Participant: 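First the structure, then my questions, so here it is.
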Amino acid sequence: MTPALEIIGLSKTFGEKVAVDHVDLAVPQGSFYGLVGQNGAGKTTTLSMAVGLLRPDGGSARIFGADVWSDPSGAKSLVGVLPDGMAMPERLTGREVLTYLGLLRGLSKEIVAERAEELLSVLELDEAEKTLVIEYSTGMRKKIGLAIALLHAPRLLVLDEPFEAVDPVSAATIKTILRGFVAGGGSIVLSSHVMALVEQLCDHVGVIDKGRVAAAGTLEQVRGGRSLEDTFVGLVGSADTGTKELSWLSR
Amino acid sequence: MTTVLGTMAGMKLAVLRHSMSGQKAGLVATGGVLGLVLAGGTLFTAFQGGDLLAAAYAVWMLGWILGPVFSGGGDETLRPEYFTLLGLPPRRLAAGLLAGAFVGVAPAVNLLALTGLVVFGVRQSPAAALVALPAMILQLAIFVLLSRVAVAALGIALRSRLGAIGTGLVNGAILAALGQVWVFAIALGQTGGITPGASAVLRYLPSGWGLAAVEGAGTGRWDRTGLALGAMAVLVALLLAAWAALLTRRASAARASARGRRPMTASTASGAVVAKELRTWSRDLVRTHQLTFALAYGVFFAAAPLLLGLDVMLAWAGPVAVLMAAAMTAGVYAVDGTALWLTLMVPAAADVRGRQRAWLLVVGPPVVALSLALTAVTGGPWPPVLAVTAALLGGGAGIVPLISVYALVPGTDPHRRGGNPLRVSEDDGALTGMAYAVLALVALTGAPAAVVAVMYGWPGVAVGVATGVLCWWGFGLLAQRRLHGRGPELLQMMRTGKRPPSGQGGWVRIDELPKREQIITAVCWSVGAIPLFPQGIVAGFLKAQESETRSWFLALHLPEAFQWPVIVFMVLLGLGIYGLGLWIPYRHRRRAVPEAS
């Protein structure tokens, strides 16, 4: 079966720094794929290249077989993206953002109105009907971002740090939606540096370290009987992992 | 207290030292040279007499107040937000920031201009020269503080729609008055120089208090000296207190107005872009300010000659407003920041066309109304005004998105901007440069229609409509292609806030040139317009029209036989200067690339 997302030898160098170094990953259809790594390991850069938001120096990415760079329209209609920390049409309300993007995606006016209504109510954003996106809290921004990603009924979701700065109640809502999406046959790639979360949600894991894939496979294959956190520290931790204490804080 | 002052001044110095590289250094050097020329001019007036010196200082004060408004909110090297967690009392924070504000090129240049007070004092008496020293320092403190208070007050005003419109009107009027300063000069000339009344007013302005103190000492009227120095000290204290109060109010960022949520009725992709843009125009108070500013500028610029009883310019308010609106909105993609990613994710949507339509819907109606109403008032000439209005509207709608994607100056994401709503980019120098470039380019798109309308009348209107539609269509197409072809690169620029170095074999950007070449290029680009447009093309236009106006057009003051040769020479000189500005980067195109990274 064609993978939902196939990354082949993606590379990116910024100036002197090699951010992503020949990364290969395959996300099977129907899987919930967690991409883990330290801050600056290259997760965001990899995902940006995979969905066509950043031009790679080498390699390619395919979404359900459609090449992101040679067939952008085909590839991008199948994927919903939640980037980390990017701006949105800030002077619109949540409903207006969804209406705008739905129409942009070529959906009919009626379908857009229907889906926007449902998304806003499920994500509990319908109370902030008059609030502009620029006035949203960080958690609300993540939720409207997820709504944007889901609006055109994609078959693959690519989510960069979807749970960062989200309160526990909203996080539970988002988890429920994501599990439902996978149960309905969709595929998800999410990046995170919270191991417990990935263990809880994902069935596949890829570990990225210093721009390379350190391990990839099903959750069981990668952690092999240990906790994901121990495996992760074992894979990416430096030889000298003795945690240092701050001298003036210990009495 | 002194440690806060010293630390902040030291911090500013350190930041300036680290940022004195590349393009920034070129800009600072260019600004410094221009400032030195102005300071030299001020010192020269100190030898002429008190009235002229007072007038010169009034202009410096206006510059301090208005300059930051048009260059991205002024000097923001040390931001109040940096120090919020320290828990400094507001007054002390303001004093510290003031110490930082004194470190820089502009205050240094202004201090030099203020030594005019010493020159003036020395010519009167030794005591007057002595009084000039404290007067000079107090005067500089007033200028710097006025500038800071003006920016802070504007920032607060821009939080309400009424404030945004009000400041747009006032700023447009003041800048138009500066642009039409010749009108006031001639008006003054008609009344025989600076009148006693004007002379007194100039000394009552805070910019004239230092001079009043020195004059008092020179003529032995020590009561005036004491009064002026005391008033300056009190004003400094008051401004400092006002600034401290405004700083505490700055803590929360500018908010959009929350009224008038009408549901989107669009049903197509292009309609959705228009709907989004129109909402942004009406809800983003910075954009409201820009639009009001452009319209006010057009009206006041065109109406200024009425002071002299001339109504020839009045009908041109509309076209001038289009030019200003285009220049102000040149960063139409930059102001949205990384929201560009959404456009990239939907490659089929015609984003540029939607933005063009929204721009025309916002700028078009008031401008067309101005052109029609004011031409009706002056009773014509109809063809040139209508032709140029049509041509410029199309030209603006084409050039604005084109420049915005081809010469993108990355903006700060709207939700990450600090407490200063005027600051939409970290690179405000480049933003100002882009505004000037757009001004010139859009003006060029009006040229064919203007020429035909002046020579043949009504066919010019057809030409104006045709070139307008052509610019809208053609430049829009180019912009759309660029957006598709280089979208990820543009997004990366927005994300990092940095423009990448140019590729092998291509032209180098100005900040990749050696420092000396940077300065020469920057000077070429800033002064080339003077011989080419006013002294060359406009003078030639007036001569062809056999107009009586001479104004500051050198050629028209010369004997008849020299007029055309001088006009041609000016045009060639302007083209030559621009050519030099192009040739220097071209010459460096190969060797600058390898070491740039």
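The figures here come from the full heavy-atom set of this structure, side chains too, leaving out hydrogens, waters and symmetry mates. Everything numeric in this text was worked out from a predicted model, so none of it was measured. Reminder, nothing fancy here: chain letters follow the sequence lines and each chain counts from 1.
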Participant: Which one of A/T99, A/L54, A/V79 has the most heavy-atom pairs closer than 4.5 Å to chain B?
Facilitator: A/L54
Participant: Does a salt bridge link A/K109 with A/E114, judged by any charged N lying under 4.0 Å from a carboxylate O?
Facilitator: no
Participant: Go through B/D336, B/V273, B/D351 and name the one with the most non-hydrogen pairs under 4.5 angstrom from chain A.
Facilitator: B/V273
Participant: Could you tell me which of A/E90, A/H152, A/M88, A/R95 has the largest number of non-hydrogen atom pairs under 4.5 Å with chain B?
Facilitator: A/E90
Participant: Under 4.0 Å between a Lys/Arg side-chain N and an Asp/Glu carboxylate O for A/K142 and A/D160?
Facilitator: no
Participant: Please look at B/L491 and chain A and tell me whether the side chain, the backbone, both or neither of the residue comes under 4.5 angstrom of a heavy atom of that chain.
Facilitator: side chain
Participant: Report which part of B/T280 has an atom under 4.5 Å of a heavy atom belonging to chain A: side chain, backbone, both, or neither.
Facilitator: both
Participant: Is any side-chain N of the basic residue among A/E110 and A/R115 closer than 4.0 Å to the acidic one's carboxylate O?
Facilitator: no
Participant: Pairs under 3.5 angstrom only: tabulate donor-acceptor contacts from the side chains of residues 58-73 of chain A to other protein residues two or more places apart or in another chain.
Facilitator:
unit_1 : atom_1 : unit_2 : atom_2 : d
A/D67  : OD1    : A/W69  : N      : 2.8
A/D67  : OD1    : A/S70  : N      : 3.0
A/D71  : OD1    : A/G74  : N      : 3.2

Participant: Quick one: which of A/V81, A/V97, A/I148 has the most heavy-atom pairs under 4.5 Å with chain B, could you say?
Facilitator: A/V81
Participant: Quick one: what part of A/Y136 sits under 4.5 Å from any heavy atom of chain B, side chain, backbone, both or neither?
Facilitator: neither
Participant: Check this for me, if you would: do B/E489 and A/R55 make a salt bridge, where the nitrogen-to-carboxylate-oxygen distance has to be below 4.0 angstrom?
Facilitator: yes
Participant: Quick check: do A/L35 and A/Y33 have side-chain heavy atoms less than 4.5 Å from each other?
Facilitator: yes
